[in-house]
Number of protein chains: 2
Amino acid sequence: MVSKKYIIRLCRYRNVLYRLKSMGFMRVVSNNLADATDVTALQVRKDFSLAGITGNKKGGYRVDELIEKLNQILGKNEIQKVILVGVGKIGIALMYYKGFEEEGIKIEAAFDIDPQKYGKQKDIPVLPLERLRDFVKTNNIKTGIITVPDMAAQQVFNLMISSGIKGVLNFAPIKLRSTPDIVINNVNLVMELENLIYFVNTGERNKGEIL
Amino acid sequence: MVSKKYIIRLCRYRNVLYRLKSMGFMRVVSNNLADATDVTALQVRKDFSLAGITGNKKGGYRVDELIEKLNQILGKNEIQKVILVGVGKIGIALMYYKGFEEEGIKIEAAFDIDPQKYGKQKDIPVLPLERLRDFVKTNNIKTGIITVPDMAAQQVFNLMISSGIKGVLNFAPIKLRSTPDIVINNVNLVMELENLIYFVNTGERNKGEIL
DNA sequence: TAGATTGTTAATCGATTAACAATC
DNA sequence: TAGATTGTTAATCGATTAACAATC
């Protein structure tokens with residue numbers, strides 16, 4: 001089993017490689033990728049080695065080959081379908097976020113309990129929560145995003161899982177009760193900011209001292 | 001220097017402790033905290049030990065004492081002032097997000113280059129980008145949030161840093177060029193989702209096999 | 001007392017980094 | 001060739017987990 005960090009690095013490399021390709025680069029050395037990501041050149045080579053990607057001792061790596069191999073590993077062929085539950089400010093922001101479609105991710109539908117929300121946002125239908133189960137099953141959706149208030153998150157999660165969802169991106173700052181076969185990625189915005197503030201403050205406090 | 005992960009765990013404990021306190025709990029054992037967070041009981045005790053917090057061999061830890069100690073370490077006294085640049089959908093979502101004020105974090109002002117955005121969102125003033133430097137200096141702000149398009153992120157970052165900001169929460173999916181004394185936390189929503197999808201898909205592929 | 005719980009020290013594990021060999 | 005670069009193996013580092021002692 002590969003680690004999450006490793007996969008994230010591979011995604012990073014791929015993103016950079018697409019950009020380099022569009023700029024006309026044919027080859028790339030580990031140092032180029034290191035500069036463009038938060039990774040050392042050594043780590044880049046190690047990752048590629050681990051991924052079974054080999055370069056050329058003199059000329060580095062071929063961009064095309066690299067992209068192809070990474071796509072093979074990361075599985076970047078079909079469009080990835082996801083649903084979203086919770087059409088509040090954050091939910092809507094995600095529905096309008098351009099970054100997803102650029103990466104082949106499509107929010108197929110959003111769900112809410114508030115009838116006032118029903119209709120469309122951008123080109124995405126907003127449906128009653130009761131229709132989630134059917135929608136997930138008929139469209140064979142495996143991934144969901146939770147942007148509901150904390151209190152509702154566990155309930156929505158349970159509904160998702162019982163409908164066949166296998167992975168959840170959760171924006172509610174609570175620990176979801178789950179089973180090992182379900183993948184959960186948590187995004188806790190308050191915690192990110194609190195954490196940042198902590199290091200800013202201690203950095204201030206310890207200015208000039210050894211940490 | 002303590003690790004980011006460690007600090008995040010301490011924040012988690014504190015959040016749970018506040019909730020337990022409001023429910024009337026006076027004491028808590030490491031197992032309670034483990035259940036409420038994504039941490040083992042052993043790790044909880046280890047963390048407390050490292051933080052210089054001691055419990056009682058029979059009765060666990062006193063909730064009040066625990067909160068006080070954690071506040072001491074994490075520094076949770078005054079309101080934390082931050083600014084935000086980029087009043088798009090995500091920026092606005094953050095401005096309306098209730099979780100921040102609950103944790104004593106206040107977005108003091110937001111900035112944008114689009115005059116149509118100027119005015120107020122919720123009770124937060126939206127100002128021209130040119131006023132950022134003055135605002136940051138006169139209000140002694142140390143933390144900023146970047147929610148601008150990728151292309152503008154580095155420029156906004158530079159402006160922030162030259163104005164005196166020491167820590168940045170960055171939502172743009174690029175690597176910001178910086179110096180070691182600046183703290184940067186990146187939130188990359190596409191990457192979180194891509195990563196999730198990867199593990200969902202491989203989980204599907206390897207159903208029943210050894211990973 | 002017996003059982004539950006803390007808390008420390010040692011072992012393990014995984015990931016990163018260093019060293020260096022290989023080769024284009 | 002000499003220099004740049006890859007790529008592997010070993011060393012290091014940090015964090016987590018295990019074992020077990022202490023004690024209320």
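The basis for the numbers below is simple: all heavy atoms, side chains too, and nothing from hydrogens, waters or symmetry mates. All chains are named by letter (A, B, ...) in the order of the sequence lines, taking the proteins before the strands, and each is independently numbered beginning at 1.
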**Student:** Check the distance between C:dA15's C1' and A:Ile7's CD1 and give it to me in whole angstrom.
**Tutor:**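 The distance from CD1 of A:Ile7 to C1' of C:dA15 comes to 15 Å, rounded to the nearest Å.
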**Student:** Any pair with a residue in residues 59-70 of chain B that passes side-chain hydrogen bond (donor to acceptor under 3.5 Å, both in side chains), sequence neighbours left out, goes on the list, sorted by first then second residue, please.
**Tutor:**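 Non-adjacent pairs meeting side-chain hydrogen bond (donor to acceptor under 3.5 Å, both in side chains): B:Lys21-B:Asp64, B:Arg62-B:Glu65.
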**Student:** In whole angstrom, what separates A:Lys4's NZ from C:dT16's P?
**Tutor:**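 Checked: the NZ to P distance equals 14 Å.
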**Student:** Treat primed atoms plus P, OP1 and OP2 as sugar-phosphate and everything else as base, then score nucleotides 6-14 of chain D 5' to 3': B for base contact with protein heavy atoms under 4.0 Å, S for sugar-phosphate contact only, - for none.
**Tutor:** BBB-B----
**Student:** What's the CZ-P distance between A:Arg62 and D:dT5, to the nearest Å?
**Tutor:**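 So the CZ-P distance, A:Arg62 to D:dT5, works out to 19 Å.
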**Student:** Run the salt-bridge test on A:Glu78 and A:Lys106 with the 4.0 Å N-O cut-off and return the result as yes or no.
**Tutor:**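 No, this pair does not count.
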**Student:** Side chains of A:Leu74 and A:Cys11: closer than 4.5 Å at any heavy-atom pair?
**Tutor:**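 Answer yes - side chains close enough.
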**Student:** I'd like to know if the side chain of B:Asn170 and the backbone of B:Ala172 have a donor-acceptor N/O pair within less than 3.5 Å.
**Tutor:**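 It does hold such a pair.
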**Student:** Can you name the side chain to side chain donor-acceptor pair (under 3.5 Å) partners of B:Tyr13, sequence neighbours left out?
**Tutor:**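 B:Tyr13 satisfies side chain to side chain donor-acceptor pair (under 3.5 Å) with B:Asp47 only.
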**Student:** Determine yes or no for a side-chain-to-main-chain donor-acceptor pair under 3.5 angstrom, with A:Arg12 supplying the side chain and A:Thr37 the backbone.
**Tutor:**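 Such a contact is absent between A:Arg12 side chain and A:Thr37 backbone.
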**Student:** Want to know the stems of DNA chain C: at least 3 consecutive Watson-Crick or G-U pairs with distances under 3.5 Å, which are they?
**Tutor:**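 In DNA chain C, stems of three or more pairs: C:3-24 with D:3-24.
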**Student:** Going by atom type alone, with no hydrogens or angles, which donor-acceptor pairs under 3.5 Å involve a side-chain atom of residues 89-102 of chain B and a protein atom two or more places apart or on another chain?
**Tutor:**
{"from": "B:Tyr96", "atom 1": "OH", "to": "B:Gln121", "atom 2": "OE1", "distance (Å)": "3.2"}
{"from": "B:Tyr96", "atom 1": "OH", "to": "B:Lys122", "atom 2": "N", "distance (Å)": "3.0"}
{"from": "B:Glu101", "atom 1": "OE2", "to": "B:Lys122", "atom 2": "NZ", "distance (Å)": "3.0"}

**Student:** Touch check for A:Arg9, heavy atoms < 4.0 angstrom, all strands: base, sugar-phosphate only, or nothing?
**Tutor:**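 If one applies the 4.0 Å heavy-atom cut-off, A:Arg9 turns out to touch the sugar-phosphate alone, with no base involved.
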**Student:** Sort and list the pairs that fulfil side-chain hydrogen bond (donor to acceptor under 3.5 Å, both in side chains) and have at least one residue in residues 146-164 of chain A, not counting sequence neighbours.
**Tutor:**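 Sorted pair list: A:Arg133-A:Ser162, A:Gln154-A:Asn158.
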